[in-house]
Amino acid sequence: MQKGRGRTSRIRRRKLLRTSASGGGTGRGLMSKTSLREGQMIISLPESCLLTTDTVIQSYLGPYITKWMPPPSPLLALCTFLVSEKHAGDQSLWKPYLDILPKSYTCPVCLEPEVVDVLPQPLKAKAKEQRARVQEFFASSRDFFSFLQPLFVEAIDSIFSYSAFLWAWCTVNTRAVYLRPRWRECLSAEPDTCALAPYLDLLNHSPHIQVKAAFNKETGCYEIRAASRCRKHEQVFICYGPHDNQRLLLEYGFVSLHNPHACVYVSTEMLVKYLPQTDKQMNKKISILKDHGFIENLTFGWDGPSWRLLTALKLLCLETEKFMCWKRVLLGEVISDTNEKTSLDLAQKICNYFIEETSAVLQKVSDMKKEKVSLINQLILVETLWMEELKILQTSAEILNSLQTPFP
């Protein structure tokens, strides 16, 4: 394969870190060699050391990208470069970085269909959408891959297979950092904000953030700074954002234990499951909730039912003669003791239903682990997600019991 000039990964970093074997199951991690002060620089990556669309355009792929119409997307450019460089093996100047990347991923798009089927319903729906989107992306890119055939001795389909493309897509999706938006005439108008950062990839996620990460326009570097003090020989983490576990699994392929942002979602169907079918105002109540943004992101969390969930339930439980008070409910006012008790009872019923359902799924996953030994790692991941959700529901049930105590 033809090779153009590459970039060496000249990473300017403080002599504060060393690799750690205890990566929380990821096989990677960085440990502090000395105590870190708040605001102290940990890693500084010059923009030239980042793998961006500039890297791709300035490589042997550049002339092909500039000629292709319609212009490929920034994401396609990055995925194409990753597949090509991985195929190059020892000849790739990016080999040291490629070697530390996972050989496979555990995002739902990579999971076997029978494993996806035992995911929580909201995540299952998003996983299927994700899979369809990636498959369509690959199918629509095959003509572009064929255009690259002159660069390779082997048949292009053997290099740019779906599995190779999926690996590249997951690499970008799970590991890219954000850069300021750029525009390149040879690329489509989609946002060009992704970059892959060697060495930074070794940092593990923790919801309890210990560092700040951002691109510094003044220095032209992607910088990692300690957001809080870190003791000597402690692992240094980075936070991917305040995401719940379903989002973490969908986008990054892992579940975070004791995640303070973890929650269990309540669907519209569950909201009305235990309400009387004779309520003639039910459709109007649902319409009000939709119009005011109270039909989504209703959850149980470590603090019990969310305020949004309880508010939605209070409105749904309004008696006929109190229906005109719905605006006061959305403002958080107490309408009556009866309404408070009824809504808490309803929340308890929904929570108990989820506990039973979750326990049943965990038993199913346990049985699958015995029958589907080849899928054991995928099933353990899904099992962990369900176990964390069960803990949340059990905690919520206890909180609801305590909230119902004042009512006779």
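The figures that follow rest on heavy atoms only: side chains count, while hydrogens, waters and symmetry mates do not.
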ask   = Is T299 reaching over with its side chain to a backbone N or O of G301, donor-acceptor style, under 3.5 angstrom?
value = no

ask   = Between Y97 and W94, how do the two ring planes meet: parallel, tilted or perpendicular, split at 30° and 60°?
value = perpendicular

request  = Please determine if E129 and K126 form a salt bridge, counting it only when a charged side-chain N lies under 4.0 Å from a carboxylate O.
outcome  = no

note = Quick note, salt bridge (charged side-chain N to carboxylate O under 4.0 Å, His left out) partners involving residues 184-196, not counting sequence neighbours, are D54-R184, R182-D192

task = Under the ring pair (Phe, Tyr, Trp, His ring centres under 6.0 Å) rule, collect the residues that match up with Y353, sequence neighbours excluded.
result = none

ask   = Take atom CE in M387; do more than 12 heavy atoms of anything else shown fall under 6.0 Å from it?
value = no

message = Tell me whether E383 is salt-bridged to K369, with the criterion being a basic N under 4.0 Å from an acidic carboxylate O.
response = yes

query = When the ring planes of F165 and F137 are compared, do they come out parallel, tilted or perpendicular, using 30° and 60° as the limits?
reply = perpendicular

request  = Quick one: sort the F215 and Y222 rings into parallel, tilted or perpendicular, breaks at 30° and 60°.
outcome  = tilted

task = Anything under 30° is parallel, anything over 60° is perpendicular, the rest tilted; go ahead and classify F145 against F160.
result = parallel

key: NZ/NE/NH1/NH2 to OD/OE distance under 4.0 Å, D345 and K341   = yes

ask   = Aromatic rings Y105 and W167: how do their planes relate, parallel, tilted or perpendicular, breaks at 30° and 60°?
value = tilted

inquiry  = Can you tell me how the ring of F300 sits relative to the ring of F354, calling it parallel under 30°, perpendicular over 60° and tilted otherwise?
reply    = perpendicular

